[in-house]
Amino acid sequence: MILQLITSFIAASAFCVLFNAPVRALLQCGFAGMIGWMLYLQLDDRWDTVVATFGATVVVGVISQFFARSFKMPVIIFSVGGIIPLVPGGLAYDAMRKFVENDNNQGIQFGVQALLLSGAIAAGLVLSEVLGQMFRRKNTSE
Amino acid sequence: MDSTSNNSNTTAHDIIDLCLLAGKIMLQSGAETYRVEDTMSRMAASLGFPGAHSYVTPTVIMFTTSRTEPVKLFRIAERTTDLQKVSEVNDISRRLSERQLTAAEARERLGTVDDAAHAYPVWLQTLAAALTGACFTVMFKGSLWDALPSLLISGVGFAAVTYLHRLVQIRFFAEFIASFLIGLLAFFSVKLGIGQEMDKIIIGCVMPLVPGLLITNAVRDLMAGHLVSGLSKGADAFLTAFAIGTGIGLVLSLF
């Protein structure tokens, strides 16, 4: 458990180095990635993977909105770090490998799963953005 | 009257160029399509062109002020992910609309952002890729013993992609060779008894190369109604995944 915490933190912030995130954003990126991954692991035990990914992404999105506001940087910097562990890159590669190995049925299965997961992530990000907008509107109207 | 309209015409050209430059940097650095369009029209609006329109796809930006000035087009050939630049352009555009910067100052700052090299040197990026690979191996339920070879192999894989991409201009070829190398090294590390599960090592090591973010961005673009961008990003991601899958698959079928 603690091992997962540490590794997801390092993985997310190291990935942000690959994406040339500003140095002062690396810690927050790692934090967002860690939260997302831990939440995903917890939810994945109980519910479907797609639901778990969606839930984790919404939380990551909200955290990134918060970070973006307080550090005055675009949301994408933090949300990328946060969703990197959740993103179905491994599945996409698995699907292609199955196709190359002539195992078409498994390939299609993995491919569809990857598509559904990326849909869940995209929907989660959009939902968190909508939530952020609603929150802002409420704050300004009061 | 004649001279003033002439004068405003030249600045209009400058403003169009300014917006296009901002859009170009953002698109080349991997910003989302809607963000590029939004930033460009905001900048144009703050410089006196409220009705400006842009059409952005992964390969081209078109920009018009919807007045008599000509439509300008910019072609994008090379795309990377560089969040630093996205953030800086965002900052410049925000300052511009808050009137903290003039158009000329913004133009100058955009020029420096455009010329800037990557924020991190290659060795640091390779180190980061190595760490990512090792951590993902553990996250995907590999043992700590598998993390050690992953650390080495993913570093080598990332260095190979970077170097080969400089050598040959076709990205998919570089990805194919690099993933072949990763598969080969993973196979031998298991053979030599350094690693235990080849599958876990491979999946951790390909994570720095894999187009997960691109797939998500593609679906996001599709949901936002940017159908052309979404489909072309999807095709891009598909080709990358295909190159990596083929590289690894080749190793697995050889042995």
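Sequence lines set the chain letters: A, B, ... in the order given, protein chains first and strands last, and positions in each chain run from 1.
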**OP:** Starting at CG of B:Leu222, measure out to OG of A:Ser118 and round the result to the nearest 0.5 Å.
**Re:** 9.5 Å
Subject >> chain B contact via A:Ala123 - which portion, at a heavy-atom distance below 4.5 Å >> reply: both
Original post:
What residue in A:Phe15, A:Phe99, A:Phe9 has the most heavy-atom pairs under 4.5 Å with chain B?
Top reply: A:Phe15
Subject >> Proximal component of B:Leu214, with respect to chain A [non-hydrogen, under 4.5 Å] >> reply: neither
**OP:** Identify which of B:Gly247, B:Gly234, B:Ala241 forms the greatest number of heavy-atom pairs closer than 4.5 Å to chain A.
**Re:** B:Ala241
Subject >> Heavy-atom contact with chain A under 4.5 Å, split by part of B:Val206 >> reply: side chain
Original post:
Considering residues, nucleotides and ligands other than A:Asn104, do more than 12 of their heavy atoms fall under 6.0 Å from its CG?
Top reply: yes
Original post:
Taking every heavy-atom pair that is under 4.5 Å apart, which of B:Ala128, B:Gly204, B:Ala218 has the most such pairs with chain A?
Top reply: B:Ala128
Original post:
At what distance, to the nearest 0.5 angstrom, does CD1 of A:Ile84 lie from CZ of B:Phe136?
Top reply: 6.5 Å
Original post:
Around atom CZ of B:Arg94, are there more than 12 heavy atoms of other residues, nucleotides or ligands at under 6.0 Å?
Top reply: yes
**OP:** Below 4.5 Å from any heavy atom of chain A, which atoms of B:Asn90 appear? Answer side chain, backbone, both or neither.
**Re:** side chain
**OP:** Name the region of A:Leu117, side chain, backbone, both or neither, that has any atom closer than 4.5 Å to a heavy atom of chain B.
**Re:** neither
**OP:** Can you establish whether the number of heavy atoms outside B:Phe176 located under 6.0 Å from its atom CZ is more than 12?
**Re:** yes
Subject >> For the student: nearest non-hydrogen atoms of A:Ala11 and B:Thr132, plus distance >> reply: O-CG2, 4.1 Å
Original post:
Around atom OH of B:Tyr34, are there more than 12 heavy atoms of other residues, nucleotides or ligands at under 6.0 Å?
Top reply: yes
Original post:
How many angstroms lie between OG1 in A:Thr7 and CG in B:Leu131, if you round to the nearest 0.5 Å?
Top reply: 11.5 Å
**OP:** Let me know if B:Met207 has heavy atoms under 4.5 Å from chain A in its side chain, its backbone, both or neither.
**Re:** both
Original post:
Out of curiosity, B:Arg220 CZ to A:Ile121 CD1, how far, rounded to the nearest 0.5 Å?
Top reply: 11.0 Å
Original post:
Does CG belonging to A:Leu131 count more than 12 external heavy atoms closer than 6.0 Å?
Top reply: yes
Subject >> Within 6.0 angstrom of A:Phe66 CZ, more than 12 heavy atoms from elsewhere >> reply: no
